[in-house]
Visitor: 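Take a look at this one; I'll ask things after.
Source: prediction; values computed, not measured.
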Amino acid sequence: MIKKDRKYRSWEVVEGIEHANCRAHLKAVGVTQEDLTKPFIGIVNSYNEIFPGHMHLQNLAKYVRDGVNAAGGVPFEFNTIAICDGLAQAHKGMCYVLPSREVIADSIELVVEAHRLDGLVFIGACDKIVPGMLMALIRLNIPAVFLTGGPQMPARYKGKVYSSYNLKEAAGLFKRNLLSEKEFFEMEDRLSPGPGSCSMMGTANTMSIVAEALGFTVPGCSTCHAVEGRKLQMAKESGRLAVKLVEENLRPLDILSQQSLFNAVRVAMAVGGSSNTLLHLPAIAKEANMPLLLDDIEIISRMTPYLTKIRPSGEHSLKDLDEAGGIPVVIKELGELFYADELTVNGISWRDIIANTENYDQDVIRTRENCYSEEGSIAILYGNIATEGSVVKQHAVAKEMLTHRGPAKVFNSEEEATEAIFMEKIKMGDVIVIRFEGPKGGPGMREMLTATSALVGMDLGNSVALITDGRFSGATRGPCIGHISPEAYEGGLIALVEEGDIISIDIPGRVISLEVDSFVIEKRRSTWQRPEHEHFKGYLQRYIKSVTSASRGAVLE
């Protein structure tokens, strides 16, 4: 009869005469009698054939398996779902994207706990998959390593570097006859050049960087590109490392701390990270019962130098960032602002990891003395229209639009706003209001990338502001303020805005206000009725009932 070390959770599955059926099932999938005594390592993969961010992850899993086997573990691969924000843009499908984050975390928890796996390697990329996996990693709190899938190589067209988001802006240029049909479709054929997450500092790469800054990946993983041989080496090392962590019983909550959460925020702010960071990091922190408030993020951003301008905020690519030294160099340049004594899955501190790193290109990763700005990428704005807060990616806003005051153009969906933009109904100085797109109102808090890209394409990106209770893609640039809370569906003031109302925005002062007399507001409120939702069946129906405000990370209760 097998005798398995009880430090492994999997002894519950394989030991004793009463578990003969379990052993038989395992032998049916190729597990040998000797394997039954080894640690069982789950390889959590989000591979699918639908979109480029995940098309290569099946191959990475092979190298993870090699690493697990070499270190004396038994690998078991299983999948979770993955949705592409890019494919879900500008239609009803976007309602399902943010809600998928919780399904990802829950599905992983169910498989791992049911099968009593001993350790895990997470393989994921893209916007909701990485945060969903990080939530599961912390919730389960068994030894685990994260292998991020890596960015796409930069796209090139006519000697210039582009990313897939540029196609949405190109639609406006095409509409204005500044781009020929031939050029437009040539760009379409070239701007998503192969495997990997979109080549920009969007949510996908921001959250991969967060995973690295938290200490859950091997160093350099988040910026190592999908097609590189180094990524295969990292996959194999991640498999080996997972077995080592099991043997040493080093768990995620031995690595995660309040300081490492602050580290992740600081790094995201230093690299110009996505505004969606403010949805995902609080949700990740909640899994560890470590509070992370909007005000915490605002304080950290205020004190964080902006060190690297990656597309869409600048002209450098993720490849440039990686070749300059990646996130370890960013951390080194942050100096004492980063808690360098925090532990990583490598079993050593960040201080040890960055000791021998070198900044290979100070034009790409600037020093603190030569930073782009003394403040990080995200600003939190409050005011009567956002009493619980709102979010803007401030370094993607032109200087002349950091303060703005203009009349409201009100829309109850992104589609209505986008149509108005292309029909040239939006004028310089306007403030577009897109509401009923929040976590409950959308439902699912859709991204407004089609509308924001249309503004840029129609040459309004530096003269028109946009506010919404929805959210933005990391590709968004310009004076676009999202996560307005409370949302319209919950009766937030944004629900009471009328056409022509004056809205004032002061990003440096962190204020956003509706300039309407309180008496008028109360009169409007007395007659306001929540509009009826389209009838959603299944998961979204349950999501509407359970999801919280964007100011709390849109987590479920």
Visitor: Kindly state each residue pair satisfying ring pair (Phe, Tyr, Trp, His ring centres under 6.0 Å) with at least one member in residues 175-205, sequence neighbours excluded.
Guide: F174-F184
Visitor: For S313 and H395, test the side chains for any donor-to-acceptor distance below 3.5 angstrom and give the result as yes or no.
Guide: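 No.
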Visitor: Hey, are E416 and K409 close enough for a salt bridge, meaning a charged N less than 4.0 Å from a carboxylate O?
Guide: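 Result for this pair is no, no salt bridge flagged.
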Visitor: What verdict does the salt bridge (Lys or Arg N to Asp or Glu O under 4.0 Å) test give for R446 and D85, after you've listed the backbone C-alpha separation in whole Å, the side-chain angles of each residue and the deciding distance to 0.1 Å?
Guide: CA-CA 10 Å; R446 297 196 301 169; D85 287 54; over 6 Å; no
Visitor: Compile the donor-acceptor pairs under 3.5 Å between side chains in residues 397-405 and protein atoms, sequence neighbours left out, one pair per line.
Guide:
unit_1: H404; atom_1: NE2; unit_2: G429; atom_2: O; d: 2.9
unit_1: R405; atom_1: NE; unit_2: E515; atom_2: OE1; d: 3.0
unit_1: R405; atom_1: NE; unit_2: E515; atom_2: OE2; d: 3.2
unit_1: R405; atom_1: NH2; unit_2: E515; atom_2: OE1; d: 2.8

Visitor: Shortest non-hydrogen contact from M55 to G194?
Guide: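 For M55 and G194, the tightest heavy-atom pair comes out as SD-C, 4.5 Å.
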Visitor: Is there a salt bridge (Lys or Arg N to Asp or Glu O under 4.0 Å) between K182 and E188? Walk through the geometry before answering.
Guide: CA-CA 10 Å; K182 177 176 179 290; E188 181 179 311; over 6 Å; no
Visitor: List for me each residue that meets salt bridge (Lys or Arg N to Asp or Glu O under 4.0 Å) alongside E109, sequence neighbours excluded, and say none if there are none.
Guide: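 E109: salt bridge (Lys or Arg N to Asp or Glu O under 4.0 Å) contacts with R139.
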Visitor: Do T418 and T450 get their side chains close enough for a donor-acceptor pair, meaning under 3.5 Å?
Guide: no
Visitor: So that I can tick it off, tell me whether E77 and K62 are bridged by a salt bridge, with the cut-off set at under 4.0 angstrom between side-chain N and carboxylate O.
Guide: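 The answer is no: the pair does not qualify as a salt bridge.
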Visitor: Students often mix this up, so state it plainly: with edges at 30° and 60°, are the rings of Y306 and Y372 parallel, tilted or perpendicular?
Guide: tilted
Visitor: Does anything in residues 145-159 pair up under salt bridge (Lys or Arg N to Asp or Glu O under 4.0 Å), and if so which pairs, sequence neighbours excluded?
Guide: K158-E183
Visitor: Give, for atom CE of M201 and atom OG of S377, the distance between the pair rounded to the nearest 0.5 Å.
Guide: 9.0 Å
Visitor: Just checking, any donor-acceptor pair under 3.5 angstrom between side chains of E212 and S222?
Guide: yes
Visitor: As a test of understanding, state which of V410, T452, L455, I467 forms a side chain to side chain contact (heavy atoms under 4.5 Å, CB included) with I432.
Guide: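 Among V410, T452, L455, I467, the one meeting side chain to side chain contact (heavy atoms under 4.5 Å, CB included) with I432 is L455.
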Visitor: Identify the two heavy atoms, one from R471 and one from G444, that lie closest to each other, and give their separation to 0.1 Å.
Guide: NE-O, 4.3 Å
Visitor: Would you say Y157 and D189 are linked by a side-chain donor-acceptor pair, where the criterion is simply a distance under 3.5 Å?
Guide: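 There is no such pair between these side chains.
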Visitor: Determine whether more than 12 heavy atoms belonging to other residues, nucleotides or ligands lie under 6.0 Å from atom OH of Y63.
Guide: no
Visitor: Has the side chain of S513 got a donor or acceptor atom that lies under 3.5 Å from a matching backbone atom of N384?
Guide: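 It does not hold such a pair.
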Visitor: What residue pairs, at least two apart or across chains, pass salt bridge (Lys or Arg N to Asp or Glu O under 4.0 Å) with a residue in residues 90-102?
Guide: K92-E534
Visitor: Distance-only criterion, 3.5 Å: show the donor-acceptor pairs between side-chain atoms of residues 482-497 and protein atoms not counting sequence neighbours.
Guide:
unit_1: S485; atom_1: OG; unit_2: H483; atom_2: O; d: 2.9
unit_1: S485; atom_1: OG; unit_2: S549; atom_2: OG; d: 3.4
unit_1: E487; atom_1: OE1; unit_2: K440; atom_2: N; d: 3.4
unit_1: E487; atom_1: OE1; unit_2: G441; atom_2: N; d: 2.8
unit_1: E487; atom_1: OE2; unit_2: K440; atom_2: N; d: 3.0

Visitor: Distance check, rounded to the nearest 0.5 Å: I129 atom CD1 versus M207 atom CE?
Guide: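 CE of M207 is found 11.5 Å from CD1 of I129.
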Visitor: For the CD1 atom of I327 and the OG1 atom of T217, what is their distance to the nearest 0.5 Å?
Guide: 9.5 Å
Visitor: Is the number of heavy atoms from other residues, nucleotides or ligands under 6.0 Å of E424 CD greater than 12?
Guide: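 It does not: E424 CD has 12 such atoms or fewer within range.
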Visitor: Salt bridge or not for D320 and K309, using N-O below 4.0 Å?
Guide: no
Visitor: Assess whether a salt bridge exists between R435 and D469, defined as any Lys/Arg side-chain N lying under 4.0 Å from an Asp/Glu carboxylate O.
Guide: no
Visitor: Do we see a donor-acceptor contact under 3.5 Å between the side chains of E437 and S413?
Guide: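 Distance-only check fails for E437 and S413.
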Visitor: Is it the case that the side chains of T304 and R266 hold a donor-acceptor pair, with the cut-off being a distance below 3.5 Å and no angle test?
Guide: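 The criterion, which ignores hydrogens and geometry beyond distance, is satisfied for T304 and R266.
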Visitor: Minimum heavy-atom separation for L540 and P443, please, with both atom names.
Guide: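 It is CD1-CG, 4.1 Å.
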Visitor: What is the minimum heavy-atom distance between K393 and I378, and which atoms define it?
Guide: CA-CD1, 4.2 Å
Visitor: Rounded to the nearest 0.5 Å, what separates atom CD1 in I385 from atom CD1 in I481?
Guide: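 If we round to the nearest 0.5 Å, I385:CD1 and I481:CD1 are 9.5 Å apart.
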